[in-house]
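Presented below is the structure to which this report refers.
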Number of protein chains: 2
Amino acid sequence: MKIAEVSKRYDISADTLRYYERVGLLRHVPRTESGIREYNETNCSTIEFLKCMRAAGVSIEALIEYMDLFDEGEETAPARKALLEEQRDLVRERIADLQAGLDRLNYKIANYETIILEAEKSMRPGAEPAQPGSRLCDSCGEGQA
Amino acid sequence: MKIAEVSKRYDISADTLRYYERVGLLRHVPRTESGIREYNETNCSTIEFLKCMRAAGVSIEALIEYMDLFDEGEETAPARKALLEEQRDLVRERIADLQAGLDRLNYKIANYETIILEAEKSMRPGAEPAQPGSRLCDSCGEGQA
DNA sequence: GAACCACTTAGAGTGGACTTCAGGTCAAGG
DNA sequence: CCTTGACCTGAAGTCCACTCTAAGTGGTTC
């Protein structure tokens, strides 16, 4: 597989693939006689792994470290495991932060729903004026204070 | 509250607080006569909100847009709600990506556990040599092929 | 055999989000 | 009065992870 095909298959630009190789994330990519990259199945599964890890926010640096260990041989298995565990913990933290943000967004959205409904109600003919308590939520907090 | 106190309270550098104000994320921060920022409670809750949103990966740009709408008045409530919903969807996507990465990390870690145990077993005196199938997982894929 | 296209390289440029710097002001303490 | 330290400003610098550019090569097609 040439670079264009891999690029399309994994939706990663050819530039990025070359970059990954240059910085040591992707190693042992065979070449044709004329120097053109010919990705094999091993390369592909590495790429897929990298894509997944990058999407999870794992840094290029950590991944390079992992690849370094890998190339050093079997005896680095415990170190690699430790590295993955460290990264896993970071991903968990990130998920917790995102979840907190998501909860907050949901809360605010629900709040807007109420507010907008109230505003519409008070716009209908013959409606009494809007309640003082139903003002828009402030620029940041969610409560009335 | 002066900038140093706010910085400590929310664990955000004073530089970042000034930066947020400069780009329009944080508005209406009162000043003392000599020009020193005196953050009030409204500012604080905005800061807390910003911190949460940033931790969830919401871009500075989107947050500025939100603040812009906010300053335009009550009639932008539906637009603000739409903006938050859009951001919420992005956060959900991000969580899904992280979760996929987390699952994969857990899988790989479990794999290493097995591998390391096997390696230790075969190192004990009198053990038969390691199985051919128990080699280290490859640099990316999780299976044996 | 010229055009064309995908590929190659080294190196420079980009965008987002800060972060640091240089130089300046102000209030309090010795 | 002078120093100290926290604050101020605008502008430049930094970091990460790409992304693009320029200049060139190799193989196929009309």
Side-chain angles (χ1 to χ4, degrees), chain A residues 1-40 43 46-47 49-67 87 90-91 94 97-98 101, chain B residues 1-40 43 46-47 49-68 86-87 90-91 94 97-98 101:
Chain A
M1 272 170 122
K2 277 183 287 177
I3 202 162
E5 197 181 343
V6 175
S7 164
K8 195 185 286 179
R9 179 155 155 189
Y10 294 105
D11 195 31
I12 295 175
S13 80
D15 279 320
T16 300
L17 288 170
R18 279 187 287 255
Y19 166 72
Y20 281 179
E21 199 174 329
R22 182 151 49 87
V23 299
L25 267 187
L26 191 52
R27 304 178 184 191
H28 321 299
V29 178
R31 304 290 185 112
T32 65
E33 266 190 28
S34 53
I36 290 178
R37 290 170 181 81
E38 253 304 325
Y39 296 87
N40 59 32
N43 299 146
T46 303
I47 290 164
F49 170 65
L50 291 174
K51 187 181 174 176
C52 187
M53 290 301 104
R54 291 292 304 126
V58 176
S59 74
I60 299 275
E61 200 186 2
L63 292 168
I64 292 173
E65 213 178 314
Y66 181 79
M67 297 302 170
Q87 292 306 316
L90 291 174
V91 174
R94 243 169 265 139
D97 286 346
L98 291 218
Chain B
M1 272 170 122
K2 278 183 289 177
I3 203 164
E5 198 181 340
V6 176
S7 165
K8 195 186 285 179
R9 180 157 154 188
Y10 295 107
D11 196 32
I12 296 176
S13 81
D15 282 319
T16 301
L17 288 170
R18 280 187 216 107
Y19 166 72
Y20 281 180
E21 199 174 330
R22 182 153 47 85
V23 299
L25 267 188
L26 191 51
R27 304 177 184 192
H28 323 299
V29 177
R31 303 289 185 113
T32 66
E33 267 190 26
S34 55
I36 289 177
R37 290 171 181 82
E38 254 304 325
Y39 296 88
N40 60 30
N43 299 146
T46 304
I47 290 164
F49 170 65
L50 290 174
K51 186 182 175 177
C52 186
M53 290 301 104
R54 291 293 302 125
V58 177
S59 74
I60 300 274
E61 199 186 3
L63 292 167
I64 292 173
E65 211 179 315
Y66 182 78
M67 297 303 170
D68 281 347
E86 200 180 304
Q87 293 305 315
L90 291 173
V91 174
R94 246 169 261 141
D97 286 347
L98 292 216

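As the structure is a computational prediction, the values presented were derived from the model and not from experiment. Below, chain A is the first sequence line, B the second, and so on; all start at residue 1.
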Nearest-Å distance for atom pair [atom1]/[atom2], residues [X] and [N]:
X: B/Lys8; N: D/dA6; atom1: NZ; atom2: C1'; answer: 13 Å
X: A/Glu33; N: D/dG27; atom1: CD; atom2: P; answer: 8 Å
X: B/Glu38; N: D/dC8; atom1: CD; atom2: C1'; answer: 14 Å

Under a 3.5 Å distance rule, please check whether [X] uses its side chain to pair with a backbone N or O of [Y] as donor and acceptor.
X: B/Arg54; Y: B/Lys51; answer: no
X: B/Asn43; Y: B/Asn40; answer: yes
X: A/Arg94; Y: A/Ala56; answer: yes
X: B/Glu38; Y: B/Arg31; answer: no

Exercise. Which angle, to the nearest 10 degrees, lies between the helix axes at the two ends of the helix from C/dG1-D/dC30 to C/dG30-D/dC1, each defined by five pairs?
Worked result: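 The end axes of the helix from C/dG1-D/dC30 to C/dG30-D/dC1 are about 20° apart, to the nearest 10°.
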
For this session: Identify whether the distance between the nearest side-chain nitrogen and carboxylate oxygen of B/Arg27 and B/Asp68 falls below 4.0 Å.
Result: yes

Is the closest side-chain heavy-atom distance between [X] and [Y] below 4.5 Å?
X: A/Arg9; Y: A/Val6; value: no
X: B/Leu50; Y: B/Met53; value: no
X: A/Tyr39; Y: A/Leu26; value: yes

For this session: Summarise protein proximity over nucleotides 5-24 of chain C in one line of letters, 5' to 3': B for base, S for sugar-phosphate only, - for none, counting protein heavy atoms closer than 4.0 Å.
Result: --SBB-------BBBB----

